[in-house]
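Every chain is numbered from 1, with letters handed out A, B, ... down the list of sequences.
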Amino acid sequence: MKRIQELAKTRQLGESPIIQVSVRLLVPFIQLFGLYIIVHGHYSPGGGFQGGVVLGASFVLLALAFDLKTSLRHMSERANAILGNLGALIFTGTAVICALLGGLFLDYSALDRIIPLGPIEWRSMGIFIVEVGVGLAVMSIMASLYWDLGSGGELDEGL
Amino acid sequence: MIWQLDLLILALVVVCALAAITLKDLLSATVVFGAYSFLMCLLWAEMGAVDVAFTEATVGAGISTVLFIAAILRTSRRSKD
């Protein structure tokens with residue numbers, strides 16, 4: 001383990017053309033799969049949390065194969081923070097709107113009073129809206145956890 | 001559900017857990033812990049809980065192993081125990 005720590009100090013880990021090319025090819029498909037998991041979450045296994053983790057893992061994979069700067073070029077720290085807060089806002093906002101419209105907290109059938117689709121249809125749609133919010137928040141947290149932990153909080157170099 | 005397969009995976013899970021707590025090297029323990037997570041994922045999927053298996057595969061075997069390794073590479077050993 002000591003040898004690996006010394007290696008990590010002297011040069012970048014995982015610097016290999018095979019790894020870099022395959023990661024560059026794979027990352028768009030990983031992100032597409034994450035989006036699929038989020039939007040398909042209420043019909044099949046998956047959902048906001050798992051899809052968000054897969055989306056965040058794509059940025060972690062970029063940071064592992066290249067370095068932190070490449071990862072931050074794809075998703076800047078500012079955009080990451082904005083997306084995370086937006087996700088939490090979508091989640092709590094939907095719940096509060098439901099409560100303000102006369103239903104219970106997270107009772108999606110109350111949203112029927114804004115756009116009349118029927119309470120059953122709105123329960124399905126409400127889960128989808130909430131899952132998008134959860135996915136955004138989890139993606140932001142997972143990516144920034146790795147960025148802060150891998151760089152020691154300085155955000156200039158990776159592992 | 002095939003109980004022979006369940007028993008096999010469960011035995012491997014116990015072996016991985018015992019190996020993870022007896023290994024002295026932190027990096028090896030982390031790798032064994034990733035294998036443990038993956039076996040748990042197989043077990044959940046085999047028992048029909050696909051959603052839990054999905055979470056275990058992404059969070060347990062994927063992100064948490066990377067985070068453990070990142071944390072270990074940031075630590076330094078003071079004594080040779």
(message) Hydrophobic clusters here meaning ILVMFWY residues chained together by side-chain heavy-atom distances under 4.5 Å, can you tell me if A:Ile114 and A:Trp122 are in one?
(response) yes
(request) State whether the number of non-hydrogen atoms from other residues, nucleotides or ligands found under 6.0 Å of A:His42 atom NE2 is greater than 12. (result) yes
(request) Using non-hydrogen atoms and a 4.5 Å limit, figure out which bit of A:Leu61 sits close to chain B: side chain, backbone, both or neither. (result) neither
(request) Quick one: closest heavy-atom pair of B:Ala70 and A:Gly150, and the distance? (result) CB-CA, 4.3 Å
(message) Heavy-atom pairs under 4.5 Å with chain A - which of B:Val50, B:Ile63, B:Asp51, B:Val59 has more of them than the others?
(response) B:Asp51
(request) Verify the neighbour count for atom CG of B:Leu18: are there more than 12 heavy atoms of other residues, nucleotides or ligands below 6.0 Å? (result) yes
(message) A quick test of your reading: do over 12 heavy atoms of other residues, nucleotides or ligands sit less than 6.0 Å from CG of A:Leu25?
(response) yes
(message) Just verifying a value: how many Å separate B:Leu67 CG and A:Tyr146 OH, rounded to the nearest 0.5 Å?
(response) 8.5 Å
(request) Answer yes or no: does atom CZ of A:Phe105 have more than 12 heavy-atom neighbours from other residues, nucleotides or ligands under 6.0 Å? (result) yes
(request) Return yes if a side-chain donor-acceptor contact under 3.5 Å exists between B:Thr58 and A:Gln50, otherwise no. (result) no
